[in-house]
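Order of the sequence lines sets the chain letters (A, B, ...), proteins ahead of strands, with each chain counted from 1. Note that this is a predicted model, so its numbers are computed, not measured.
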There are 2 protein chains.
Amino acid sequence: MTGEPKRQPGDGQTRRRGAALEEAILRAAADELTESGYAGLTMDRVAQRAGTNKNTIYRRWPNRLALGIAAYRQLTTTIQPPDTGTLRGDALELLRRANRHWSSPLGAILRDLLSAAGGAPELLAQLPEQSTDTVTATWLTVLGRAIARGEARPEALHPRVATVAIVLLRNEFVMRGVPTAPDEVLVEIIDEVYLPLVRRRGTPPA
Amino acid sequence: MTGEPKRQPGDGQTRRRGAALEEAILRAAADELTESGYAGLTMDRVAQRAGTNKNTIYRRWPNRLALGIAAYRQLTTTIQPPDTGTLRGDALELLRRANRHWSSPLGAILRDLLSAAGGAPELLAQLPEQSTDTVTATWLTVLGRAIARGEARPEALHPRVATVAIVLLRNEFVMRGVPTAPDEVLVEIIDEVYLPLVRRRGTPPA
DNA sequence: GCAAGTAAGGTACGTGGCGTACCTAAAAGG
DNA sequence: CCTTTTAGGTACGCCACGTACCTTACTTGC
């Protein structure tokens, strides 16, 4: 939305450097992302929009993808674990947040970035929603509280187990493509898979 | 490996048409895939290798990706469900096969194709290992036998539940990138998640 | 067998976008 | 002030996709 004033050679204008310039570039890139998606994020356009030139961009990011990832991070905020009082509530809330995000325009951008990264771990790690650590920590927190309440078995406090639900939902997006998963799918994941897996055993509700 | 003889204009050679030509193109594309991966699959090179021209290729496939998918299918064979006698054995075998395939050169090609498809369902459906139907059917078969043997609870015979293990492994590849998952990961998925989830309930082995 | 129709071959080109090279000009800093 | 650093301007090489257009070889139907 914000076009930078085009600078003429020798017009005596102040010339940005360092952090200020970097922020301007990131803002321009983020704007391009939201307007045209990752496909529309071209180095020429970002340079023009930021009122600078490709040269300057390439001095800071090695390639288009790196810039795209950096710009994407500008658009996201980090998540706080919910605390609804029940494991089912917390888990469902986390899935709904993920579902909303992945179905939003930002989700489309995220998918394109993932595509472009082609599974390079050092790049994936820079994407908040994909960073295994962040996501895993959130689920472990939620599950830990449930265990403390006696809702779940302590042995379930294991990264692989704790994150099963979100992994299944992510898979839903990878396999079925773009559109939002219906809420029933989220409920099904929780009720048919996640809760049966982490709930206390050997004491059937008989 | 097989270079087609270069045809000269007016050299009186026989000119391939229809199915024969199509097969030649697919063979050339498949060879390029195995030698140079999807990145190396360029329309010009395929045309040259098949002893034909881009024009002819574009009459059959709308773009590079479509050709890549078609060529990839030439390189894969369909899977048969294993029958080791135990659910654990069958499930582990299926995971090991998937692991081997995804770590092989073919797996790299598959990942690139998935990347390029960018989550378009109609394209994904053409990739055997990604076709939900095929994979789900296999796991349902294996799980169905286990239920018949009394190893698993009948309510687990549900697509979402039956395929949990393979979904987790797929996630491992998506998140951690290329290299083979160690066998311990497969065992962990089976023993910590899959079997606890599908096994009979309420009768702990006490 | 011949003529019309169809499909393959050859070649060139437009296009888009990345990444680089190279020089000029402004700011920073001693 | 003079030097060093960093930004700006511009052009270009390159690659590969996809298209256009014509020529040439097969096929088919009369």
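Listed by chain and residue number, A:Ala30, A:Leu33, A:Thr34, A:Leu106 satisfy the side chain to side chain contact (heavy atoms under 4.5 Å, CB included) test with A:Leu75 (two or more places apart in sequence, or in another chain). Scored by the side chain to side chain contact (heavy atoms under 4.5 Å, CB included) test, B:Glu192 finds A:Val161, B:Glu188 as partners (sequence neighbours excluded).
Using a 4.0 Å heavy-atom distance criterion, B:Leu41 is classed as a sugar-phosphate-only contact.
The residue among B:Met43 and A:Asn53 whose nearest nucleotide of DNA chain D lies closer to the 5′ end is A:Asn53. Nearest-nucleotide positions on DNA chain D for A:Asp44 and A:Gly18 put A:Gly18 closer to the 5' end.
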For nucleotides 28-30 of chain C, give me every protein contact, N/O to N/O, under 3.5 Å, one pair per line with atom names.
none

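By the 4.5 Å heavy-atom criterion applied to side chains, B:Asp183 and B:Val187 are counted as neighbours.
Applying the salt bridge (Lys or Arg N to Asp or Glu O under 4.0 Å) definition to pairs two or more places apart or across chains, those involving residues 131-148 of chain B are B:Asp83-B:Arg145. Annotation: salt bridge (Lys or Arg N to Asp or Glu O under 4.0 Å) contacts involving residues 50-69 of chain A, sequence neighbours excluded, comprise A:Glu22-A:Arg60, A:Asp44-A:Lys54.
Listed by residue number, B:Lys54, B:Asn55, B:Tyr58, B:Asn63, B:Arg64 are the residues of residues 54-64 of chain B with a heavy-atom contact under 4.0 Å to DNA chain D.
Remark: the B:Thr56 side chain and the B:Asn53 side chain contain an N/O donor-acceptor pair separated by less than 3.5 Å.
Per the geometry, CD belonging to A:Gln48 stands 14 Å off C1' belonging to D:dT10, to the nearest Å.
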